[in-house]
There are 2 protein chains.
Amino acid sequence: MSDDLAARLREQGLRLTPQRELILRAVEELRHATPDEVLAHVRSQVSSVNASTVYRTLEVLEELGLVRHTHLSDRAPTYHSTREHEHVHVVCRGCHSVRSYDPALVQSLVAALGEDGFSVDVGHLAIFGTCADCSAAAASPEPT
Amino acid sequence: MSDDLAARLREQGLRLTPQRELILRAVEELRHATPDEVLAHVRSQVSSVNASTVYRTLEVLEELGLVRHTHLSDRAPTYHSTREHEHVHVVCRGCHSVRSYDPALVQSLVAALGEDGFSVDVGHLAIFGTCADCSAAAASPEPT
DNA sequence: GTGAATGCAAAGTATTTGCAGTCAG
DNA sequence: CTGACTGCAAATACTTTGCATTCAC
């Protein structure tokens, strides 16, 4: 698993450190996590890991193509592993639920922009809106 | 124009102030502006307007439905007027150019999610990727 | 006159940076 | 050994908040 990590780091003349392994593993385990959440998770296993290390490492991992980030809220970005299948995020602003969809969802969009020579970063895509439950809730303020 | 503003404010028992007019006008003139840019623009006309007023006002204007925001960078949000036709933002990560597209671009996506009862906030949508020019530039580092 | 809105300054959150010590290779 | 990496603390960017004053109505 972090074999991949070691290899890619070496290619770039970078070093494999326990922090980098832990942070990558945290992203993989948490599925969708903000830098803060990653930090908390890593700290729950090994004390003393610093926030700046998390930021710096996430940046490195993203450059290596091992993680990706997207913006699932107006606040901090969330990171996920690229070992998962690429997916599109659909976020409900009412209940903050996040659902993942197959990239096929946006294929016509990708094709349309592709004709203009624009290549869409599907993994970064976050689609905001309101889910069925929350629409219903908004319609009837006092549910039975 | 800001007739609309006066009316909507009154509906809510809110007040029409010069700052609110100026900030709304700034958003309309700048097309896509961060709170900072709005502040700078307003200040170029009238000195002493405060950053907190800009934040508070953008929030009010958004509640009134007169402006919308979207995230066109990893940094500050950008606001635009709802008097423009609703549009989808397509952002190149290479040159940071922003192009606006007709919502038709994402209609199949909206329809597909609609079947699940999910209603997409099209105006908030930002699609990231790489434009033709930047792909070309990446391919040939040293252009002739 | 009265309460909504503003300006100011201080606090808060998220992230970045400089630097000295540490550790991977 | 050497330079990449880390932790720490300070700095930065962005945004929010409390409060006294001002101004729209």
Side-chain angles (χ1 to χ4, degrees), chain A residues 2-3 5-24 26-27 32-43 45-64 66-67 69-79, chain B residues 2-3 5-27 32-43 45-64 66-67 69-79 96:
Chain A
S2 11
D3 257 1
L5 175 57
R8 305 239 194 165
L9 284 169
R10 202 156 316 142
E11 281 172 25
Q12 311 293 313
L14 302 177
R15 292 174 183 178
L16 178 61
T17 66
Q19 288 89 334
R20 286 180 174 171
E21 285 187 288
L22 286 166
I23 290 168
L24 176 55
V27 171
H32 286 116
T34 61
D36 235 44
E37 292 163 345
V38 170
L39 178 61
H41 188 81
V42 171
R43 274 193 173 149
Q45 309 178 318
V46 177
S47 38
S48 113
V49 175
N50 199 270
S52 35
T53 300
V54 172
Y55 284 108
R56 287 191 275 230
T57 300
L58 288 173
E59 198 181 326
V60 170
L61 295 178
E62 190 152 27
E63 275 160 18
L64 297 179
L66 297 172
V67 307
H69 81 274
T70 51
H71 299 273
L72 268 28
S73 80
D74 286 354
R75 300 227 151 240
T78 66
Y79 287 79
Chain B
S2 11
D3 257 1
L5 174 57
R8 305 238 195 167
L9 285 169
R10 203 154 315 141
E11 280 172 27
Q12 311 292 312
L14 302 177
R15 293 174 185 178
L16 178 61
T17 66
Q19 287 88 334
R20 286 180 174 170
E21 286 186 288
L22 286 166
I23 290 169
L24 176 54
R25 198 171 329 144
V27 171
H32 288 116
T34 62
D36 237 43
E37 292 163 346
V38 169
L39 178 60
H41 188 81
V42 171
R43 274 192 172 149
Q45 309 178 315
V46 177
S47 38
S48 112
V49 174
N50 199 270
S52 34
T53 300
V54 171
Y55 284 107
R56 287 191 275 228
T57 299
L58 289 172
E59 198 181 327
V60 169
L61 294 178
E62 190 152 28
E63 276 162 16
L64 296 179
L66 297 172
V67 307
H69 82 273
T70 171
H71 299 273
L72 302 184
S73 82
D74 286 354
R75 298 225 155 243
T78 66
Y79 287 79
H96 302 285

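Keep in mind the model is a prediction, meaning the values are calculated, not measured. Both backbone and side-chain heavy atoms feed into the values below; hydrogens, waters and symmetry mates do not. Each chain gets a letter, A, B and so on, in the order its sequence line appears, and its residues count up from 1.
- Spacing between atom CG of Leu16(A) and atom P of dA4(D) amounts to 16 Å, rounded to whole angstrom units.
- For Ala76(B), the side-chain atoms get nearest to dT15(D) when compared with the rest of dG7(C), dT15(D), dA4(D).
- Comparing Pro77(A) and Leu9(B) along DNA chain C, the residue whose closest nucleotide (by nearest heavy atom) sits nearer the 5' end is Leu9(B).
- Across every non-hydrogen atom of Pro77(B) and Pro35(B), the tightest pair is O-CD, 3.4 Å.
- Spacing between atom CG of Leu14(B) and atom P of dC25(D) amounts to 11 Å, rounded to whole angstrom units.
- One finds no side-chain N or O of Thr17(A) lying less than 4.0 angstrom from the OP1 or OP2 phosphate oxygen of dA24(C).
- Rounded to whole Å, atom P of dA13(D) lies 16 Å from atom CG of Asp74(B).
- The 5' end of DNA chain C is approached more closely, in terms of each residue's nearest nucleotide, by Gly13(B) than by the other of Thr53(B) and Gly13(B).
- Side-chain contact check for Ser52(A) and Asn50(A): at least one donor-acceptor pair (N or O, by modelled atom type) lies under 3.5 Å.
- Applying the 4.0 Å criterion to OP1 and OP2 of dT16(D), one finds that Tyr55(B) has every side-chain N and O outside that range.
- The listed nucleotides are dA4(C), dA14(C), dG7(C); the one nearest the side chain of Arg15(B) is dA4(C).
- Remark: C1' of dT22(C) and CG of Asn50(A) are 14 Å apart, rounded to the nearest angstrom.
- Between the CG atom of Leu64(B) and the P atom of dA5(C) there is a distance of 10 Å, given to the nearest Å.
- In summary, of the residues considered (Ile23(B), Val27(B), Val38(B), Thr57(B)), a side-chain contact (heavy atoms from CB on, under 4.5 Å) with Val67(B) occurs for Val27(B) alone.
- Residue contacts shown for Arg56(B) include a base, since a base heavy atom lies under 4.0 Å away.
- Remark on DNA chain D: of its neighbouring residues Ser47(A) and Ala51(B), the 5'-side contact belongs to Ser47(A), judged by nearest-heavy-atom nucleotide.
- Between Ala26(A) and Val42(A), the shortest heavy-atom contact is CB-CG2, 3.8 Å.
- Summarising the geometry, the separation between CD1 on Ile23(B) and C1' on dA5(C) is reported as 11 Å, rounded to the nearest angstrom.
- Residue contacts for Ser52(A): at a heavy-atom cut-off of 4.0 Å it reaches a base atom on one of the strands shown.
- Summarising the geometry, the separation between CD on Gln12(B) and P on dC25(D) is reported as 15 Å, rounded to the nearest angstrom.
- Glu62(A) places no side-chain N or O within 3.5 Å of a backbone atom of Glu59(A) that could act as its donor or acceptor partner.
- As judged by a 4.0 angstrom heavy-atom cut-off over every strand, Arg75(B) is placed among residues touching the sugar-phosphate backbone only.
- At least one side-chain nitrogen or oxygen of Gln19(A) sits closer than 4.0 Å to the OP1 or OP2 atom of dG7(D).
- Between Arg20(A) atom CZ and dT22(C) atom C1' there is a gap of 14 Å when expressed in whole angstrom units.
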